[in-house]
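Read the structure below first, then the notes.
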2 protein chains.
Amino acid sequence: MGVGLQTEEITGRARVLDAAAELFVRQGYVGTTLRQIAAATGIKAGSIYHHFESKEALFVAVLNDGIVVMIDAFDEAQSSLAGTDDVAVHVREHVRSHLSAIFENGPYTTAHVTSFFSAPAEVRAAVVPKRDSYEQKWNQLFEVLFPAANTKELRLRRLILFGAMNATAEWFDPAGNLTVDQLATAISDQFLQGVTQYES
Amino acid sequence: MGVGLQTEEITGRARVLDAAAELFVRQGYVGTTLRQIAAATGIKAGSIYHHFESKEALFVAVLNDGIVVMIDAFDEAQSSLAGTDDVAVHVREHVRSHLSAIFENGPYTTAHVTSFFSAPAEVRAAVVPKRDSYEQKWNQLFEVLFPAANTKELRLRRLILFGAMNATAEWFDPAGNLTVDQLATAISDQFLQGVTQYES
DNA sequence: GAACCTACCTAACGCTTGTTAGGTTTGTCA
DNA sequence: TGACAAACCTAACAAGCGTTAGGTAGGTTC
């Protein structure tokens with residue numbers, strides 16, 4: 001019927017990838033078995049090898065998709081900010097974009113945040129380049145926003161901010177009282193002005 | 001020869017615990033095998049069961065020791081601050097104490113920070129009470145230091161700070177250029193005043 | 001010196017793991 | 001109609017897992 005690849009079908013490969021991402025998030029790399037992934041997809045374990053050459057390759061694919069989502073979100077946020085000079089607006093919008101990628105774009109990004117350091121060394125090595133390029137985008141952003149600070153200082157501030165943002169994957173519930181937008185505002189405010197606003 | 005338990009011997013049990021903590025940090029709970037722990041201790045896998053009734057119980061023991069270290073460090077910091085009112089000094093000293101526990105008190109605390117969420121549900125449940133009591137200490141501290149803010153707001157600020165502090169376990173190298181003290185100062189400053197000090 | 005405990009070892013158990021070889025079904029294309 | 005490939009299944013493999021039963025060596029206690 002269809003012309004083929006124009007309207008993208010949910011292929012078997014993509015369904016394996018989806019199931020794998022979700023299980024990797026919940027159970028980590030070693031804690032997730034190919035038989036679990038197969039069962040969640042609706043196929044048998046051996047059939048996974050028709051789409052991926054190994055469990056490691058499957059995990060690399062999940063992690064890479066995760067970073068692609070974040071890089072796209074970053075670029076989109078940057079485009080939407082073309083007309084603004086306000087440092088606070090820039091920071092808040094990029095924090096919101098990072099958190100949205102974690103909480104609203106499926107488990108791919110979350111897998112990256114929670115399971116990266118538990119992965120085998122070869123897996124980490126395969127993902128590091130793309131991961132670095134995302135971090136470089138933030139470094140360059142900070143150098144534009146805070147020209148008075150030196151590079152080392154800004155790298156440290158970025159790592160502190162990343163720690164705060166990525167840790168939210170472990171305690172924040174997007175279905176709870178706080179929305180992702182409010183969380184982004186809180187983290188952004190905290191990052192820019194600190195907590196001394198509350199001193200008596 | 002000795003009178004027995006007065007000078008604490010490095011018993012077999014403690015050596016198993018040490019090896020286990022280090023391996024859990026590097027490889028996570030599922031990624032670490034009892035045979036690896038046994039080999040690192042210098043005994044055989046089956047012998048571990050003379051000291052611990054299961055792999056889960058061993059992990060619980062490691063995590064519990066980790067929190068005890070942090071609670072002790074917190075109390076010690078609080079005692080040493082008895083004469084001071086300065087909010088910034090209080091924050092910096094407690095941040096330093098938390099980071100010291102991570103980087104200078106062996107792998108027990110680090111295991112807690114990096115491997116807690118990858119543990120089986122039963123393990124987490126067994127450790128949660130002590131973990132909560134540590135977090136409560138911070139909540140109470142914040143309510144004293146920032147009486148103008150409400151409880152919810154302070155909880156959020158604490159979670160942001162915890163995220164930033166605990167994430168350092170994944171990138172900070174205590175043998176590198178920055179000392180733990182300098183890192184503590186940077187995170188404490190960031191927490192209190194934010195980054196706007198660098199605006200042009 | 002007999003009884004007993006602690007700290008280990010040996011050797012295996014049942015089970016699960018990632019992976020593979022070979023077969024079957026289904027749909028496309030010439 | 002026949003060739004072909006994509007997408008799956010079956011059934012097994014070697015290796016490794018947590019765990020256990022039973023044994024041994026050395027020290028302490030009565």
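Since we're looking at a predicted model, the values are computed, not measured. Just so it is clear, the values below take in all heavy atoms, side chains as well, and ignore hydrogens, waters and symmetry mates.
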Measure the distance from CZ on R15(A) to C1' on dC8(D) and round it to the nearest whole Å. 11 Å

Taking the inter-plane angle between the rings of H98(A) and F162(A) on a 0 to 90° scale, is it parallel (under 30°), tilted (30 to 60°) or perpendicular (over 60°)? tilted

How far apart are the closest heavy atoms of V95(B) and W138(B), and which atoms are they? N-CH2, 4.0 Å

Rounded to the nearest angstrom, tell me the gap between atom CG in L34(A) and atom P in dT20(C). 11 Å

In whole angstrom, give the distance that lies between atom NZ of K44(B) and atom P of dC9(C). 6 Å

Those residues at least two apart in sequence (or on a different chain) that pass side-chain hydrogen bond (donor to acceptor under 3.5 Å, both in side chains) with R26(B) are E22(B)

What residues form a side chain to side chain contact (heavy atoms under 4.5 Å, CB included) with A61(A), not counting sequence neighbours? L17(A), F52(A)

Residues from residues 46-57 of chain A lying under 4.0 Å of DNA chain D - heavy atoms: S47(A), H50(A), H51(A)

Mapping R35(A) and A45(A) onto DNA chain D by nearest heavy atom, which one lands closer to the 5' end? A45(A)

Any donor-acceptor pair under 3.5 Å linking the side-chain atoms of N139(A) with those of R155(A)? no

So how far off straight is the helix from dG1(C)-dC30(D) to dA30(C)-dT1(D), going by the axes through five pairs at either end, to 10°? 10°

Can you see which heavy atom on F103(B) is nearest to which on P174(B), and at what distance? CD2-CG, 3.8 Å

Donor-acceptor pair between R131(A) and H112(A) side chains, under 3.5 angstrom: yes

Residues in side-chain hydrogen bond (donor to acceptor under 3.5 Å, both in side chains) contact with Y108(B), at least two apart in sequence or another chain: D18(B)

Output yes when D189(A) and R92(A) qualify as a salt bridge under the 4.0 Å nitrogen-oxygen rule, no when they do not. no

Under the side-chain contact (heavy atoms from CB on, under 4.5 Å) rule, what do V195(A) and L145(B) come out as? Steps first, then yes or no, please. CA-CA 11 Å; V195(A) 83; L145(B) 294 182; over 6 Å; no

Specify the residues of residues 23-33 of chain A, ordered by number, for which at least one heavy atom lies under 4.0 angstrom from an atom of DNA chain C. T32(A), T33(A)

